[in-house]
Amino acid sequence: MTLTLPVTLADYKPLFADEISWCPGCGDFGILAAIKQALVQREIPPHRVMVVSGIGCGSKLPDYLYANGWQTLHGRALPAAQGFRLAQHGMTVLAVTGDGDGLGEGGNHWLHAMRRNVDLTHLLQNNQTYGLTKGQASPTSDLGYVSPSTPQGSPDLPINAIAIALAAGATFVARGFAGDVHALRDLIAQGIDHPGYAFIDILQPCVVWNRDHYTYAWFRARTYDLQSDGHNPQDLAAAFARAQEWGDRIPLGLFYQTTRLTLEAQTPAIQQDPDCPLALRDLPVDRDAFDTLKRRFL
Amino acid sequence: MAEVTYTIGGAAGQGIESTGMALARIHARAGYQVYTWQEYESRIRGGHNQYQVRVSDKPLTSHSRTHCIVVALDAQSIAELLPDVAPGGAVIYESTRDDIAPALIAAHGARPLPAPLLEIATTLGGDKIMTNTVATSVAAALTGLDFAGIEAVIRENFARRGAQATEANLAVARAGYDWGRKSLPDFAHRLPPAPVLPEPQMLVHANHAVALGALAAGCKVVTGYPMTPWSSILDFLIQQRDAAIVALQMEDEIAAISFALGASFAGTRAMTGSSGGGFALMVEHLSLAGIAEVPIVVIEVQRAGPATGMPTRTEQADLLFVLNPAHGEFPLIVTAIKDPLDAFYRTAKAFNLADQCQCPVIVLSDAHLANSLRTVPLSALDSERVTREIDRGETLTHRDLDARAAPYRRYLLTESGVSPRAVPGHPQAVVHSMSDEHTETGAVTENAEARRQMMAKRMRKLAVARARMEPPDLYGPAAAALTLVGWGGTYGVLCEAVDRAHGRLNLVHYTDLFPFPLAGDAPLRRARRLVAVEQNYTAQLARYLRGETGIEIAGRICKYDGRPMSADWILCRLEELSP
């Protein structure tokens, strides 16, 4: 047995970038802190983590987290994260997307990721706007939201991500708040533990584009903890009901959790040799097996 | 060349494909060389479909314009096929039909052969579904095929269904065969004696061969979305439950390429593919693979476009698109398959190239290649050769990383432009990448000097790729009056045209396209007169070659009607160009 050094926050401290470019007060600072704390809590070292992001302010996160990572394309973090996970099913995979990235451009991938149930944790950095491109309305912006792309107010109903996740069959559905790092840390750790796709909607302010609304104070005045309120996360109907709450009462915590076979568990190529991920296997094919295959074409 | 062609025509749903394949298999088993040509519409029932089986004792590299025997399962087929029936060829059809006029057939110089297909099927087999078996047995009897070949394949096909089904089908086939033998004893189109082969032969098309090549090369992840004519590559791999490969249908083509890239980032060899329209959805990810330097093989099986086009028909009109598929500048490799045997090795090599150059490798095919079965000796698809040639370039496996001490930088600036690429998960190497321009550690940068260095580094890899590009194939005499210039799937038919021109023609044929092979222009400069022959409207290869070499190919023969060109067609067009 090899002795391993304990994992500490210091392991996750180095930046790839020279500095963090998020605005002071950005909710992403809290999300980054919560991720690091969760990984340390679960004693997962940086080289065993893969964080995949899309494009946006929040998607710069891999540049600020010392771990394997790939910022991909707007809307496309989830399929890349799933592909990585199938090839290396022993690693901890996090998908980090903004609300526009994850639910707009990436909406179709989100829907199917929930059906597929690959074991990864999807963190939705939800600030109800497209921050990096200067404040356009996003899929989670309120009806009537005034922005550069909706000067008369958004005519569209916001997506209820929690409700859709429940309906799509997501096996772990939770909501956190960037202003409560410890609670978010615990949710992320639970998501990592969860054997399957874990969805965590993370409410956060955008201190530049949402100055009058969705501030830390606004959230703190309205959010409450589901678990303290007696919600049973195994009760799907109750979860749907809670998912309808918004405005004056905003639930945080674990809405729903269940178990369903992951895609990895149903993939014969993986299960043939579960201790050896695909990426670490030898390439050459067995000559006799290949010959048998060719003979089917005779 | 001694040869015979059988063509089955009918509506979708009448079993044309299975019948054609059975005929192909019977002749392949008997030792003949076989080449099939399938035309079908984008529908499940009705319309006009046809399946040609061309048979010879010599290698066949293309289909035939003419049909020696037509098996017409409906009246429309006769109208479609009659103009190309060979002189003295036979048209077999159900004798009780009243919608077929023997006089019309005879007027074309063909021999009408109304046959009691239904009667034999129902009285001896008990099921009219067997009429196709009767028809093919009649056809085989006309050309003199030994019945033993038919019997062997029937026994094999029905082994799982039990003795009764086997005997019923045999009885029906035997009766059809005996009837056929007596029907046209002076039939002009006869098979040559069956060659005795040193080893069994496979019947494969290029889609099978691509899939087998990927397996042999150690590809572990294949993704895609259904799209004609690419789908059977993914379908075949999904069916290989024992092959330790993850083959997945994704929600769309964008998910397919994204997933494959994620798997490749993790360290596996990965492949995706589609046809033109699906490939169009994938291209932003080619740009991503380019800047992130993630290896991937993408198969593009061309069909007649644009947009939905003619989904089941063939074309070579995506060349310039695939050569310039995405925004920005990044290293890319483009190669085009010429036949199933080539497809196997070219696909396997694509994985080596992708790993060596850490970039996307696009392998072009087309609908005709994808559906056309050819006989290939069993040992010709050699997985051991592929294994020996596996080369992952500068990939750092976990074993390699065990021996490393230096801090790891994914995008280390090197002379060749290729940076060591660690398989993630090992403590010695944390692999970080962004889709923005980046530094050696993969962090985002907009610094001008860093950008210049990193862009130059990536583009230096083109030299690594170019050194591995094969020059064009040359076929025919060293010097000829006219040099045909082609690419990809038309290789076989162009070779046949050269063979039939008795020294007047030769061929320069491109498979590796980008980076343009070293000395790839030399054969063009040596030629007396050049004619580009392509299955697209604007002569895309000619346009590409002008850009890469400065050589203007004035002669152009273009076919863009969705049907593969035949040697006859090429020679006719050449006559028009220079009588």
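Numbered from 1 within each chain, the chains take letters A, B, ... in sequence-line order.
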Evaluate the criterion side-chain contact (heavy atoms from CB on, under 4.5 Å) for residue pair A:T72 and B:S435; output intermediate values, then yes/no. CA-CA 5 Å; A:T72 61; B:S435 56; 5.8 Å; no
What are the two closest heavy atoms between B:G425 and A:R48, and how far apart are they? O-NH1, 2.9 Å
Name the region of B:A28, side chain, backbone, both or neither, that has any atom closer than 4.5 Å to a heavy atom of chain A. neither
Would you name the heavy atoms of A:F16 and B:A443 that are closest together and state the gap between them? O-CB, 3.1 Å
List the steps and the verdict of side-chain contact (heavy atoms from CB on, under 4.5 Å) for A:L263 and B:L248. CA-CA 11 Å; A:L263 180 62; B:L248 283 178; 3.9 Å; yes
Contacting moiety of A:L86, where chain B heavy atoms sit under 4.5 Å: side chain
Working note: B:V423 + A:Q88, criterion side-chain contact (heavy atoms from CB on, under 4.5 Å); need CA distance, chi angles, decisive distance, verdict. CA-CA 10 Å; B:V423 173; A:Q88 286 239 28; 3.6 Å; yes
Which answer fits A:T267, side chain, backbone, both or neither, if we ask what part of it has an atom under 4.5 Å from a heavy atom of chain B? side chain
Can you tell me if A:E43 has over 12 outside heavy atoms packed within less than 6.0 Å of its CD? no
Tell me which of these, A:P62, A:A17, A:P46, has more heavy-atom pairs under 4.5 Å with chain B than the rest. A:P62
Given that the side chain runs from C-beta out, which part of A:L111 has a heavy atom under 4.5 Å from chain B: side chain, backbone, both or neither? neither
Can you name the closest pair of heavy atoms from B:R241 and A:Q272 and give their distance? O-NE2, 3.3 Å
Which of B:K220, B:R269, B:R392, B:R399 passes salt bridge (Lys or Arg N to Asp or Glu O under 4.0 Å) with A:D282? It is B:R399
At a 4.5 Å cut-off on heavy atoms, which part of A:P45 comes close to chain B: side chain, backbone, both, or neither? neither
Using the side-chain contact (heavy atoms from CB on, under 4.5 Å) rule, take B:V431 and A:H47 through it: C-alpha gap first, then chi angles, then the decisive distance, then the call. CA-CA 8 Å; B:V431 183; A:H47 66 275; over 6 Å; no
For each of B:S433, B:A217, B:A263, B:A216, tally heavy-atom pairs with chain A at distances under 4.5 Å, and name the one with the top tally. B:S433
Per-residue contact mode, B:V221 against chain A (heavy atom under 4.5 angstrom): side chain
Over all atoms of both residues, closest heavy-atom pair of A:K294 and B:L378: NZ-O, 2.7 Å
Cut-off 4.5 Å, heavy atoms of chain A, and the answer for B:I257 is neither
Contact origin within B:L261 toward chain A - heavy atom pairs under 4.5 Å: both
Under 4.5 Å from any heavy atom of chain B - which part of A:S21: neither
Under 4.5 Å to a heavy atom of chain A? For B:S379 that would be backbone
Please classify the contact between A:L280 and chain B as side chain, backbone, both or neither, with a heavy-atom cut-off of under 4.5 Å. side chain
Under 4.5 Å to a heavy atom of chain A? For B:D436 that would be both
Of the listed residues (B:L373, B:T441, B:V294, B:L203), which shares the most heavy-atom pairs with chain A below a 4.5 Å separation? B:L203
Over 12 foreign heavy atoms within 6.0 Å of CD, B:E446: no
Do other residues, nucleotides or ligands put more than 12 heavy atoms under 6.0 Å from the CG atom of B:D402? yes
Using every non-hydrogen atom in the two residues, find where A:F290 and B:L381 come nearest and quote the distance to one decimal. CE2-O, 4.0 Å
Considering all heavy atoms of both residues, which atom of B:T268 and which atom of A:A87 are nearest to each other, and what is their separation? CG2-CB, 3.7 Å
At a 4.5 Å cut-off on heavy atoms, which part of B:A429 comes close to chain A: side chain, backbone, both, or neither? backbone
Once you round to the nearest 0.5 Å, how far does CG of A:D286 lie from OG of B:S383? 8.5 Å
Below 4.5 Å from any heavy atom of chain A, which atoms of B:Q428 appear? Answer side chain, backbone, both or neither. neither
Anything under 30° is parallel, anything over 60° is perpendicular, the rest tilted; go ahead and classify A:F297 against B:F236. tilted
In terms of heavy-atom pairs under 4.5 Å with chain A, the winner among B:V444, B:T397, B:L212 is B:L212
A:R115 and B:E251: salt bridge (charged side-chain N to carboxylate O under 4.0 Å, His left out), yes or no, with the steps? CA-CA 11 Å; A:R115 300 173 58 215; B:E251 62 267 24; over 6 Å; no
With respect to chain A, which residue among B:P427, B:A256, B:A255 yields the maximal number of heavy-atom pairs within a distance under 4.5 Å? B:P427
Picking from B:C219, B:S264, B:G267, B:S258, which has the most non-hydrogen pairs under 4.5 angstrom with chain A? B:S258
What are the residues of residues 165-173 of chain A, in order of number, with any heavy atom under 4.5 angstrom from a heavy atom of chain B? none
Which atoms of A:L293 are under 4.5 Å from chain B, going by heavy atoms: the side chain, the backbone, both sets, or neither? side chain
Residue-level interface, residues 76-83 of chain A with chain B, non-hydrogen cut-off under 4.5 Å: A:R76, A:P79, A:A80, A:Q82, A:G83
Which atoms of A:A67 are under 4.5 Å from chain B, going by heavy atoms: the side chain, the backbone, both sets, or neither? backbone
Contact origin within B:H438 toward chain A - heavy atom pairs under 4.5 Å: neither
Please check: side-chain N/O of A:R287 versus main-chain N/O of B:E384, any donor-acceptor pairing under 3.5 Å? no
Heavy-atom proximity to chain B below 4.5 Å, by part of A:R85: neither
If you count heavy atoms of other groups shown closer than 6.0 angstrom to OH of B:Y225, is the number above 12? no
Does A:N68 use its side chain to pair, donor to acceptor, with the backbone of B:P424 at less than 3.5 Å? no
Below 4.5 Å, heavy atoms only, C-beta onward: do B:R29 and A:L298 meet side chain to side chain? yes
Side chain, backbone, both or neither of A:L15 within contact of chain B (heavy atoms, under 4.5 Å): neither
N/O donor-acceptor pair under 3.5 Å between A:R281 side chain and B:G218 backbone: no
Consider only side-chain N and O atoms of A:D63 and B:H432, and report whether a donor and an acceptor are under 3.5 Å apart. yes
